[in-house]
Amino acid sequence: MTNFDPETIHDVEGVPIHSVHRHDVVIVGAGLAGMRAAYEASSEFDVAVLSKVFPTRSHSGAAQGGVAASLANEEEDHWEWHMFDTVKGSDYLGDQDIIETLVKEAPVVVREFEHMGCPFSRTPEGRIAQRKFGGHTKDFGKGGPVLRACYAVDRTGHAMLHTLYEVCVKNEVRFYPEFFALSLIVRDGVCRGLVAWDIINGGVHVFHAKTVMFGTGGYGRVFKITSNALANTGDGLSLVLRAGLPLEDMEFVQFHPTGLYQQGILVSEAARGEGGYLLNKDGERFMEKYAPSKMELAPRDLVSRSIQTEINEGRGCGEDGCGVYIDLRHLGEDKIMKQLPQIHELAWKFLGIDCIKEPIPIQPTAHYSMGGIPVDIDCQVLADGKEKPVRGFYAAGECACVSVHGGNRLGTNSLLEASLFGRRAGKSIVRFLRETRAFPELPSDAAEEALGEVERILSADGSEKVGIIREELQEKMMLECGIFRDAGKLEKLTGGLRELGKRFEKIGIDDRSVKFNYDLLEAIELGHMLDFTELIVAGALRREESRGAHSRTDHPDRDDDKWLRHTLAWKRDGRIEFDYKPVTITRFQPKERKY
Ligand SMILES: Cc1cc2nc3c(=O)[nH]c(=O)nc-3n(C[C@H](O)[C@H](O)[C@H](O)COP(=O)(O)OP(=O)(O)OC[C@H]3O[C@@H](n4cnc5c(N)ncnc54)[C@H](O)[C@@H]3O)c2cc1C
């Protein structure tokens, strides 16, 4: 392998290639996972963070409701209860050894945020305030909802993200804002860096690194109705696939029960945690039928299915009958404006509804990806999805699948996961770098794949439009791979995706400049979305059971004999290949999941 030489390879017309940047650690993603890792590693090493949006605009900042930790600030709580709820919530697909780490370390991670200066809401005694959230219970599910979600009004993610940005700046983390990662350089099982596009000025940059970490977030944007930010197109997942690595449990996609009707923008579960009711168009509190003991605070998969059933059976509201209501009126103006001010503002701005006086029309919205890049408990990416590490490559947060959420994530466990495993990734990186002084060799063709992609798109002059293909993809995913799935719909979608892939090869773009070229970026993002959605659909078709958020109307029961296992999927020469691995079960044997 010869060394990368920026002077000799930039022969691509119109695309400047800039010199190589060298950092001990290069992190893609400035959400909670990426920045928590950066903060940890920057105490000892030189850390760079790339983000395609300005760091504090990462989707973590949109999180409203809270972050779970059994602090027991206002009432009794224990990590064992939190563990039980998470395992049951996951429909027994979460790995229990890792869930145990999650719930045990949660209080430490949240208190650390407090010490960094995160402005949590407070109890009258001055402790971190906690609220109720779906699926979090007392006494191994035998008691009612427990106060476990630590919050900062209804802007918890915003408070945590800004706190982290400040401590990263203090630690002199080098930020590359508005840099778009284009490809990952993995050779012979060693990660050597990555290639990125400078969105503001244009140009390809090579980042040579001893370690790379992905905290690239989720992919809600492949669905038409989603709570996710525009940036959540799952780029990291497809970069991993293109580097020949697998993805895990991609068929598990969470729909949050309450997105603003026809907008998808989130109405936090805090609204139900604080006491909001769900009503159908006839004013009936329908959760009585589906989860009589937990009602609106049953886990998300169950509440979303209940809402969708009401809609499918003709009891939905709105012009297309695809909504139901969340009613907050009985909470009163004081509580709404104090605990849920953002919900009030969003309903007013986007639907013209004053939730103090009227119920808010909502519908389920694509929210969270349980699957992702397979990693071990130390966030080390696994080349075979099981135990073989990719040297120098780590991932954490929503893009990773360390499998604490299994088939369905409980609300507030994700801010926790992103911060906690971001922290663990940072610690692993520090351990690795203490022993590894030298940079891995950078191959001479390091930038070739990325340059080729940029050049191809900048010169694309076909008749197909990126925006139209993307809309069709989002529409199809919503209709054929949404809350309820079956073989017929999924098979149709498989063909549909192939068709869209072919049309993508014939796209044309209008803007051929290099500065702030969103034509170029949207085309690259669409390529990513088409890449990994195939795995969601293929995984969903193969998994002939219903578990957690994956609900097959043609296979309505959970099948532990056959499917109590994780899916691993690769893309090789355009074909999807599967493998499976067992679920780790320690304390809680699988049982029927009832609420
Ligand atoms: C509206 C909403 C509300 C939520 N509320 C809660 C809640 O109350 N509690 C809870 O626990 N969870 C909540 N979640 C889920 C939780 O917020 C996320 O799962 C979590 O914040 C993800 O953090 P992350 O660091 O993994 O990714 P993100 O915060 O999404 O950050 C991803 C980063 O990757 C960067 N990136 C991606 N691709 C590229 C690329 N190609 N090049 C360069 N950079 C790239 C982005 O710029 C960004 O900086 C909510 C989610 C949403 C959408």
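What you see is a predicted model, and the numbers here were worked out from it, not measured in a lab. Both ligands and their constituent atoms are indexed starting at 1 by order of listing. Along the sequence shown, residues carry numbers from 1.
Residues Arg242 and Glu453 are paired through a salt bridge, judged by an N-O separation under 4.0 Å between the basic side chain and the carboxylate. Ion pair Glu178/Lys52 not flagged as a salt bridge, since none of the NZ, NE, NH1 or NH2 atoms sits closer than 4.0 Å to an Asp/Glu carboxylate oxygen. Taking the charged nitrogens against the carboxylate oxygens, Arg122 and Glu114 do have a contact shorter than 4.0 Å, which makes a salt bridge. Ion pair Lys571/Asp531 flagged as a salt bridge, since at least one NZ, NE, NH1 or NH2 atom sits closer than 4.0 Å to an Asp/Glu carboxylate oxygen. Salt bridge Asp85/Arg148: present, at least one basic N to carboxylate O contact under 4.0 Å. Taking 4.0 Å as the cut-off between side-chain N and carboxylate O, Glu274 and Lys132 do not count as a salt-bridged pair.
The protein heavy atom nearest to atom 28 (P) of ligand 1 is Ser60 OG, 3.8 Å. Taking atom 16 (C) of ligand 1 as the reference point, the nearest protein heavy-atom neighbour is Ser414 OG, 3.4 Å. The single protein non-hydrogen atom nearest to atom 6 (C) of ligand 1 is Ala63 CB, 3.4 Å, given as residue, atom name and distance.
Contact annotation: for Phe179 versus ligand 1, heavy atoms closer than 4.0 Å belong to the backbone alone. Counting heavy atoms under 4.0 Å from ligand 1, residue Asn413 touches it through the backbone alone. For Leu266, every heavy-atom contact with ligand 1 shorter than 4.0 Å involves the side chain, none the backbone.
Ring to ring, His405 and Tyr368 are close: their centroids are under 6.0 angstrom apart. Taking the ring centroids of Phe175 and Phe54, they lie at or beyond the 6.0 Å cut-off. You'll find the ring centres of Phe113 and Phe120 outside the 6.0 Å limit. Proximity of the aromatic rings of Phe214 and Tyr394 is defined here by a centroid distance below 6.0 angstrom, and this criterion is not met.
Between the choices Glu417, Met160, His59, Glu269, the shortest heavy-atom distance to atom 51 (C) of ligand 1 belongs to His59. Closest heavy-atom approach to atom 48 (C) of ligand 1 among the candidates Ser58, Cys399, Gly422, Gly61: Ser58.
Considering backbone and side-chain N/O atoms, Val28 never comes within less than 3.5 Å of an N/O atom of ligand 1. Any N or O atom pair closer than 3.5 Å counts here, and Leu416 shares no such pair with ligand 1. For ligand 1, the polar-atom distance check finds an N/O of Lys52 within less than 3.5 Å of one of the ligand's N/O atoms. Looking at ligand 1, you'll find an N or O of Asp235 within less than 3.5 Å of one of its N or O atoms.
Taking a 4.0 Å cut-off on heavy atoms, His367 registers as neighbouring ligand 1. Residue contact check for ligand 1: Gly215 places a non-hydrogen atom closer than 4.0 Å to it. In this structure, Leu32 has a heavy atom closer than 4.0 Å to ligand 1. For Gly411, the heavy-atom gap to ligand 1 stays at 4.0 angstrom or more. Put simply, no part of Gly157 is less than 4.0 Å from ligand 1, judged by heavy atoms. Residue Thr412 places a heavy atom less than 4.0 Å from ligand 1. The closest approach between a heavy atom of Ser227 and any atom of ligand 1 is below 4.0 Å. Arg409 counts as a contact of ligand 1, since one of its heavy atoms falls under 4.0 Å from the ligand.
The aromatic rings of His23 and His21 lie parallel to each other, their planes meeting at an angle below 30°, with 60° marking the opposite boundary.
For the 3.5 Å distance criterion, the side chains of His205 and Tyr176 fail to qualify, holding no donor opposite an acceptor.
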